[in-house]
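Counting starts at 1 for both ligands and their atoms, following the listed order. One is the number of the first residue; the rest follow in order along the sequence.
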Amino acid sequence: MSDRWYQQAVVYCLDIDTFADSNGDGIGDIPGLIGRLDYLARLGVTCIWLNPIHPSPDRDDGYDVADFYNVDPRFGTLGDFAELLHQAGNRGIKVIIDLVVNHTSDKHPWFVSARSSPDSPYRDWYVWSETAPPDRNQGMVFPGEQAETWSYDRTAKLWYYHRFYKFQPDLNIKNPEVREEIKKICAFWLQLGVAGFRMDAVPFIIEETVPGKPDAAKDFGYLTELRQHLQWRKSDAVLLAEANVEPAQLVTYFGDEGGSGNRIHMLFDFMLNAKMVLALAREDPEPIIDGLRDTPALPPGGQWATFLRNHDEIDLSRLTAEQRADVFAKFGPDEDMQLYGRGIRRRLAPMLGNDRRRLELAYSLQFSLRGTPVLRYGEEIGMGDDLALEGRDAIRTPMQWSGLANGGFSTAPADQLVRPVVTDDGYGYEQINVTRQRHDPASLLSWFERMIRTLREAPEVGVGSCTHVDVPAPRSLLVHRADGPAGSMLFLHNLGPDDVTVDLSSLEGEAELPNDVLADSEYPEPGKLDDLKVSGHGYRWIRLHRTV
Ligand code: NOJ
Ligand code: CA
């Protein structure tokens, strides 16, 4: 018996302010989200990840928190939030929230107090330096938008550290009070009923910053401590962490050297993300095969969170310059599609030219490769972006529910919306919306529903192993398999435009009435697996056998 619910989850990430507005003020809110839970349940979502919900000056889409113990009044009240948890629970949907504790907003009362006086009880909650740190021009996360990582505060007459924007001062993890406070924040939300946290910027949380020493030591012990605390309070609570570091380092985030998996449960697979995008750009599965081979083994219970898009840019910084150039050339040729020199600020549908075949191929890859899939709202209907918006906001436009004004997102006048709804040719809400696709069994949305149902019937993908099947195959074809206690699945993905065939009769002995459970079109029965056709940009999910 396994209680690792997160290994079987389908996670859906959304930002409350752009999802559904219930009171017509132009800003999405919690009652609006509650009204759409049936939609998410039907799609097959089992866990919602909410981008920051707390009161915030909102200078970094809520990642600048001003009060960890409340919800932003624009979204509703704590009462509304408790109701959301109840209503989601009724539908078998868990809710996790962003835990943004590397830093606070500079408007957080802790920082306001800390900067005001050396005697403030919060002074040591932040990271200060009396002199200008010589390394202050290093380690910026948002090059171009952020000049340095230390800024001078005129009130305190000290420099303070901020790994991100200037208005996001870093908390001091070396201070025992800060460590305890973070635990208290977690306990508070667990008590209300969240299922866990998406932990923001983990490598920076545990960084023991010293002015003038750019390579700060990391206190991994705090992750062990936090995990233990979480599990005392709610045994199946989960930590899903953002740690965008070299894959070899990730093992330490999952657990200590003993391999016991006693820290983070799930980590976003940034490496596979970049490799999938590269593979799609080159129409060649090699980068994915490399990625699968090079990934470190995870401790028991450790799990990857597999994604194509999130609320930030696609980060290509782990690719070589040549690989990155190939991705830019194919998916982000114009400068305003790129961000920070390292990424692409577009949604996937426009990147793939709104080509339904390649969209299905991409999501079929994401959902069949190892780990737990994480979707970003709007991907299921193929929403586009708005490059006229600044930076990462391009992909943070309101959800397109219908052909009604504002895409059914809000009844407010269009100029009062939190962000404009996409109205472009091809991606505007009149063409791309939930209502239209729900009525159409051939729509992308209906396909997503089918794919997610199929995934739920193939638990070996989430809990089992994922391996490249190394057989002679056409270059554009990726053959991989998932094996777990429930049985084995075989997956064929043709990244190229031409039809191919492959001989997999070497697997015939394992097959017990092999059959296609999901495919881009009807194929002849797999038979002896010796002559499997896959169309250009096609895919086949074949069940080899079931044990139960
Ligand atoms: C990572 C988040 O994904 C990003 O959106 C945010 O700006 C930074 N962390 C700072 O919190
Ligand atoms: Ca509202």
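Within D29, the N/O/S atom positioned nearest the Ca ion (ligand 2) carries the name OD2. Of all N, O or S atoms in D25, the one lying closest to the Ca ion (ligand 2) is OD1. Atom OD1 is the N/O/S atom of D21 found closest to the Ca ion (ligand 2).
Regarding atom 8 (C) of ligand 1, its nearest protein heavy-atom neighbour is F164 CE2, 3.8 Å. Looking only at heavy atoms of the protein, atom 2 (C) of ligand 1 is closest to D200 OD1, 3.2 Å. Summary of contacts: the protein heavy atom closest to atom 6 (C) of ligand 1 is D60 OD2, 3.5 Å. Protein heavy atom closest to atom 5 (O) of ligand 1, with residue, atom name and distance, is D312 OD1, 2.7 Å.
Side-chain polar atoms of E379 and Y363 form a donor-acceptor pair below 3.5 angstrom.
Of all atoms in ligand 1, numbered sequentially from 1 with element shown, those under 4.0 Å from a heavy atom of F142 are 7 (O). Heavy-atom proximity to H311, at under 4.0 Å, picks out these atoms of ligand 1: 2 (C), 3 (O), 4 (C), 5 (O). Within ligand 1, counting atoms from 1 as listed, the ones closer than 4.0 Å to a heavy atom of R392 are 4 (C), 5 (O), 6 (C), 7 (O). Listed by number with element, the atoms of ligand 1 under 4.0 Å from a non-hydrogen atom of H103 are 10 (C), 11 (O).
Here F204 and F164 bring their ring centres to under 6.0 angstrom of each other. In this structure, the ring of Y63 has its center no less than 6.0 angstrom from the ring center of H103. Residues W110 and Y126 place their aromatic rings such that the two centres sit no closer than 6.0 Å. Here W49 and H311 bring their ring centres to under 6.0 angstrom of each other.
More than 12 heavy atoms of other residues, nucleotides or ligands shown are found within 6.0 angstrom of CG on D415. The number of heavy-atom neighbours closer than 6.0 Å to CZ of R91, taken from other residues, nucleotides and ligands shown, is above 12.
None of the N, O or S atoms belonging to G28 lies under 3.0 Å away from the Ca ion (ligand 2). Here S22 fails the criterion, with no N, O or S atom under 3.0 Å of the Ca ion (ligand 2).
In summary, of the residues considered (I48, V10, T46), a side chain to side chain contact (heavy atoms under 4.5 Å, CB included) with L40 occurs for I48 alone.
Within the structure, the closest approach of R163 to ligand 1 does not fall below 4.0 Å when heavy atoms are considered.
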**Message:** I'd like to know whether R392 forms a salt bridge (Lys or Arg N to Asp or Glu O under 4.0 Å) with D312, so could you lay out the CA-CA distance, the side-chain angles of the two residues, the decisive distance to 0.1 Å, and finally the verdict.
**Reply:** CA-CA 6 Å; R392 293 168 290 159; D312 293 325; 2.9 Å; yes
